[in-house]
Amino acid sequence: MFVQINQEEFSKEVSKKAWFQTHNIIFTIIFLFPVFSLIDLIYAKDIWMQILIVRIIIVLAIYSLFNLVQGKKYNYRILLHITFFLVSALSALLCTLVHAQDLNIYFLTYAAIVLFFNLQVFWEPINSIIQTLIAMAMLVIFFNWFSDYSIDIFVSNGGQYFIVIALISCLIPNARHKVIMREVHSQILIEKSNEQLKAQNRDISEKNNIIDMQYERLRKLDEQKNSFINIAGHDLKNLIGSIIMSNNMVKEEEYRLSPDQKEFIGYISQSAEKMQYMLNKLMDVREIESPEMKFNLEIFDINAEVQHVYRGLIETAQMKNIHLVDNILKLPLNVKLDRVFTGQIFQNLLSNIIKFSQTNNSIKVVTSLQRQRFIFEIIDEGIAIGQDELDMMFNKLKTLNDASGNIESRLGLGLSIAKLMTQEMGGELFYSSDDNGNYFKVEFNVIN
């Protein structure tokens, strides 16, 4: 999470912090400066009343100046400089008016004021150095104007303490200024980070609400899907039952049928049984929604199953003037798979190839045995899918143009279901495409 601070908002926060410190200094002086008259009452009895009046006047001036500067939004440094100057002027004057034996207490009081100011103030250290120099200059001026004793007495009776404390206290604002600047910077970072976290939390909450709404929609769609499957399955069962019943009635008159008609009746019977088997699987919603499809595994000759699918699609291919080339092994190869679903895989692949292949074309259907693996291949001279389409070849929404220019679903549910069933039964399905056409290959393990 990256937080950026611009100069304007940083200066604004620094100004707030500076005014907070200035507010503390001003009101501390307003409340405590008149209290120093108690010291005057003890050590300067003859002039303490006059000094009290001056202190009150200074406090009123500082308060008025505070309201003026804050109201006009002047720089807070102006207020601090004037405040320090007024307080410093009276303190320096008192250090030259009192008796020599009382100098220590007034110099220490003056040093305490300077130290307090530098401990609390928030400004650049050069400002404190200027004020300290002004304080020392006023001491020299007032000493020359009002003092009756020598410079040695003036310095030895507290003056040296004041000078040392004043000079050392000038170092404090530098460190304090750096600390407060870092504190303001950290505070801004924390506040902005909190704002970003709150915004992200709101965004996450909104997305969670959207997800909940979508989940609820999907749940309702799932319920509708299950309801549709139940209704459609029930209706299809009735239709398949009618087909089987009608076919059985025709088989009862088998002696009246030609050999070709008997073969077609056999195809109808086998296809109806397969449809009934797959429909029963479809109707078992719990099985469909489980992680693994349960297959009815049996041992059968897979070449015979391919031959059966091949013969069933010859008429469909001839309608488009497509020549099916039979390169199917006559050698029995036993596999242990779900016979119905295996036949459906070959049916889906070959029927799709026939559907989208060009007329006057040839399609080779090849089976072979390679390293104890049954290989089923379809070699088509139809429209090439292209290398860019390989990653999406089993996307049920993918469409391509057929030879006549119409847009039809080429890699739709048929091929995606074929791939799913192949993988579920432990096989592999491959697809490739080049300028000469398209190529499908299915592999399954065979039984010794």
Side-chain angles (χ1 to χ4, degrees), residues 1-33 35 59 62-88 91 109-135 162-211:
M1 183 172 57
F2 180 73
V3 178
Q4 199 171 22
I5 302 174
N6 58 51
Q7 188 60 37
E8 182 180 354
E9 61 184 350
F10 182 71
S11 300
K12 185 178 179 181
E13 290 299 320
V14 168
S15 178
K16 286 182 182 179
K17 189 70 175 178
W19 269 107
F20 176 77
Q21 294 299 124
T22 302
H23 186 276
N24 291 341
I25 293 171
I26 296 301
F27 279 92
T28 300
I29 291 174
I30 287 173
F31 286 111
L32 293 182
F33 196 59
V35 179
V59 165
I62 291 172
Y63 182 72
S64 301
L65 186 65
F66 171 78
N67 291 327
L68 175 65
V69 172
Q70 195 172 43
K72 297 290 185 179
K73 296 183 179 179
Y74 294 144
N75 194 306
Y76 70 96
R77 296 175 183 84
I78 297 173
L79 174 62
L80 291 174
H81 276 294
I82 296 174
T83 300
F84 189 84
F85 177 79
L86 293 175
V87 173
S88 184
S91 299
T109 303
Y110 193 4
I113 292 173
V114 173
L115 182 61
F116 163 77
F117 206 88
N118 285 328
L119 283 171
Q120 293 295 318
V121 76
F122 174 58
W123 60 11
E124 296 76 10
I126 187 65
N127 294 287
S128 292
I129 295 173
I130 292 172
Q131 286 296 338
T132 300
L133 294 175
I134 291 173
F162 171 77
I163 293 171
V164 172
I165 293 172
L167 292 175
I168 292 175
S169 67
C170 289
L171 302 175
I172 298 173
N174 181 44
R176 182 172 176 77
H177 186 266
K178 291 180 180 178
V179 170
I180 293 180
M181 292 289 278
R182 284 197 298 267
E183 180 183 327
V184 170
H185 187 270
S186 300
Q187 182 180 350
I188 295 174
L189 283 177
I190 292 171
E191 290 176 354
K192 297 196 77 170
S193 298
N194 286 338
E195 290 175 1
Q196 286 190 4
L197 289 173
K198 288 178 181 178
Q200 290 176 356
N201 186 54
R202 287 193 297 270
D203 186 53
I204 291 171
S205 298
E206 291 173 359
K207 289 180 178 178
N208 285 337
N209 291 334
I210 294 173
I211 291 172

**Fill in**
Residue pairs meeting side chain to side chain donor-acceptor pair (under 3.5 Å), one or both in residues 66-78, sequence neighbours left out, come to Asn75-Arg77, Arg77-Glu124

**Request:** Mind checking the OG-CE spacing from Ser186 to Met181? Nearest 0.5 Å is all I need.
**Result:** 11.5 Å

**Fill in**
With sequence neighbours left out, the residues meeting side chain to side chain donor-acceptor pair (under 3.5 Å) with Glu191 are Gln187

**By side chain to side chain donor-acceptor pair (under 3.5 Å) - contacts of His23 (at least two apart)** = none

**Rounded distance (nearest 0.5 Å) linking atom CG of Asn174 with atom CH2 of Trp123** = 14.0 Å

**Prompt:** For Ile26, which residues count as a side-chain contact (heavy atoms from CB on, under 4.5 Å) partner, sequence neighbours excluded?
**Reply:** Thr22, Ile30, Ile62, Phe66, Leu79, Thr83

**Request:** Please tell me if the side chains of Asn127 and Pro173 come closer than 4.5 Å, counting only heavy atoms from C-beta onward.
**Result:** no

**Message:** Do Lys16 and Glu13 have side chains that approach each other closer than 4.5 Å (heavy atoms only, starting at C-beta)?
**Reply:** yes

**Prompt:** Considering residues at least two apart in sequence or located in another chain, which fulfil the side-chain contact (heavy atoms from CB on, under 4.5 Å) criterion with Phe85?
**Reply:** Ile134, Met138

**Item:** Parallel, tilted or perpendicular: rings of His177 and Phe122 (30°, 60°)
**Value:** parallel

**Message:** Out of the candidates Val114, Thr132, Ile130, only one should pair with Cys170 under the side chain to side chain contact (heavy atoms under 4.5 Å, CB included) rule; please name it.
**Reply:** Thr132

**Prompt:** Hey, does Phe116 have a side-chain heavy atom less than 4.5 Å from the side chain of Thr28?
**Reply:** yes

**Residue list, side-chain contact (heavy atoms from CB on, under 4.5 Å) with Ile163, at least two apart or on another chain** = Met136, Leu167

**Prompt:** At what distance, to the nearest 0.5 angstrom, does CZ of Arg182 lie from CG of Leu189?
**Reply:** 13.5 Å

**Asked** Can you tell me if CZ on Phe27 sees more than 12 non-hydrogen neighbours from other groups inside 6.0 Å?
**Response** yes

**Asked** Backbone N or O of Gln120 within a donor-acceptor pair of the Gln21 side chain at under 3.5 Å?
**Response** yes

